[in-house]
Structures are given as C-alpha cells and as structure tokens.
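Just below is one structure, and these are the notes that go with it.
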Amino acid sequence: MRHWLLKSEPDVFSFDDLKKRPKKTEPWNGVRNYQARNFMRDGMEVGDLGLFYHSNAAVPGIAGLVRISRTAYPDPTQFDPSSEYHDPKSDPEAPRWLMVDVTWAADFPSYVSLDAMKQDPALEGMLILRRGNRLSITPVEASHFEHICQLGGLNALP
DNA sequence: GCCAACGTTGGC
DNA sequence: GCCAACGTTGGC
C-alpha cells in the first residue's frame, strides 16, 4: 500500500465537506497537471491512504485521513463546457484527465499545521515542504505518513 | 494583495 | 527544440 498527500482548498472543498457527502465519498476531479494525473493513474490503488491537506487556508495543514476507494477513471468535467475544468483539447476517445474516488477514513484529533511539519526534523525531505512545490498530489513515504498521523493524535491507522 | 516559483504555451 | 511570456499556485 502506498501513501499520498492530496491538496484541496477548504474554501472550495474541505475535509468536513467530504464527511458530509453520501458515503463520505467524492470524485477527485479537476486535476489538470500531468505529474499529478500520472500519480493517480500509475500509483494509486484501492485501499491506499492519503493525507487531506488544506492549501490556501488561514492555517494550511493536514485535516485528516482519506482512503482511495476507486482507481483512476476519466474525469467528466473535462468534456463539460460549463465546467471551470473544461478542456476543449481533450479527445473523448482518449480522455486526457483522470480522477479517483476518495473516501473519508479518519479524523485527526488535532490538526497538523504546515508550520508544525516544517519544524519537525522527522519530516525533512517531504515533497510538500519543498520550496515552490505546487503539485496537488504527491506520494508520501510510509515513515513520514505514520509520523504525521502521530502528530495528529491518531494512535491506530484505520 | 503580494510575489516567488513553477508549468504551459506558442513563436521562431 | 529553445525559451520568453504568461497564467497559476499557494504561503505569507
């Protein structure tokens, strides 16, 4: 099993929003970056766990855990002219953009702020902490993942 | 709202 | 295939 970090702007779609969805599940649409798409397509499997990261937030950081509940499939918003994610260059015969389904997995008893992560020597080298990092989906090493769960007050993985 | 860093676009 | 210009991201 692999571990991931998924960014979302809480003003657009927050961890609490995910919990309110039917089956606490949401298609992770709108990814329009090839590297992030490739992580979904080539790396993600059902059962993988992910850190739900709030970007562009008053306090950026990890809000909780999600699980990948469906492997990559075409993102319909690329073919929807009314969608902000519409991509007129994408060919319906060979969809350019994919998404996975993400399901709530566990709350963090305490929020893990980006600042706390930066201060923690155990998390040195994490992609999210690299200057200028803009990838919305990144793989996370198991040791980093487990350490962040501890910081979040989660004693046992779901 | 500022701005550094980055990915994408398109002219050549 | 280079690279300048541009748009976007995201912390601050």
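Quick note on labels: first sequence line is chain A, next is B, and so on, each numbered from 1.
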### Query
Tell me the ring-ring contact (aromatic ring centres under 6.0 Å, His included) pairs involving residues 75-96 of chain A, sequence neighbours left out?
none
#### Entry: Outermost DNA chain C nucleotides near chain A [under 4.0 Å, heavy atoms]
C:dG7 to C:dC12
### Neighbours of DNA chain B within residues 117-133 of chain A, by heavy-atom distance under 4.0 Å
A:Arg131, A:Gly132
Output side-chain donor-acceptor pairs under 3.5 Å for residues 6-13 of chain A, partner residues at least two apart or in another chain, one line each.
from: A:Lys7; atom 1: NZ; to: A:Leu135; atom 2: O; distance (Å): 3.2
from: A:Ser8; atom 1: OG; to: A:Phe13; atom 2: O; distance (Å): 2.6
from: A:Glu9; atom 1: OE2; to: A:Asn56; atom 2: ND2; distance (Å): 3.4

### Query
Going by the side chain to side chain donor-acceptor pair (under 3.5 Å) test, which pairs reach into residues 16-33 of chain A, not counting sequence neighbours?
A:Ser14-A:Asp17, A:Lys19-A:Asp107, A:Arg21-A:Glu26, A:Thr25-A:Thr103, A:Arg32-A:Asp75, A:Arg32-A:Thr77
## Note on the structure
Heavy-atom nearest nucleotide on DNA chain B taken for A:Arg32 and for A:Asn56; more 5' hit belongs to A:Asn56
### Summary
For A:Val59, the hydrophobic cluster (side chain heavy atoms closer than 4.5 Å, chained through members) also holds A:Tyr111
### Message
Under the rule for salt bridge (Lys or Arg N to Asp or Glu O under 4.0 Å), what residues qualify as partners of A:Asp87, not counting sequence neighbours?
### Response
A:Arg96
### Query
Does A:Trp97 sit in a hydrophobic cluster with other residues, and if so which ones, taking ILVMFWY side chains as linked at heavy-atom separations under 4.5 Å, directly or through other members?
A:Tyr34
### Message
Considering only residues two or more places apart or on different chains, which pairs with a residue in residues 56-75 of chain A satisfy ring-ring contact (aromatic ring centres under 6.0 Å, His included)?
### Response
none
#### Entry: Connected-component partners of A:Leu5 among ILVMFWY, side-chain separation under 4.5 Å
A:Met1, A:Leu49, A:Leu51, A:Tyr53, A:Ile62, A:Leu65, A:Phe108, A:Val112, A:Leu114, A:Met117, A:Leu123, A:Met126, A:Ile128, A:Leu129, A:Val140, A:Phe145, A:Ile148, A:Leu151, A:Leu154, A:Leu157
### Query
Would A:Asp48 and A:His3 count as having a side-chain donor-acceptor pair, cut-off 3.5 Å?
no
### Query
Taking five pairs at each end, how big is the angle between the two axes of the helix from B:dG1-C:dC12 to B:dC12-C:dG1, to 10°?
10°
### Task
Scan for side chain to side chain donor-acceptor pair (under 3.5 Å) pairs involving residues 127-144 of chain A, sequence neighbours excluded, and state none if there are none.
none
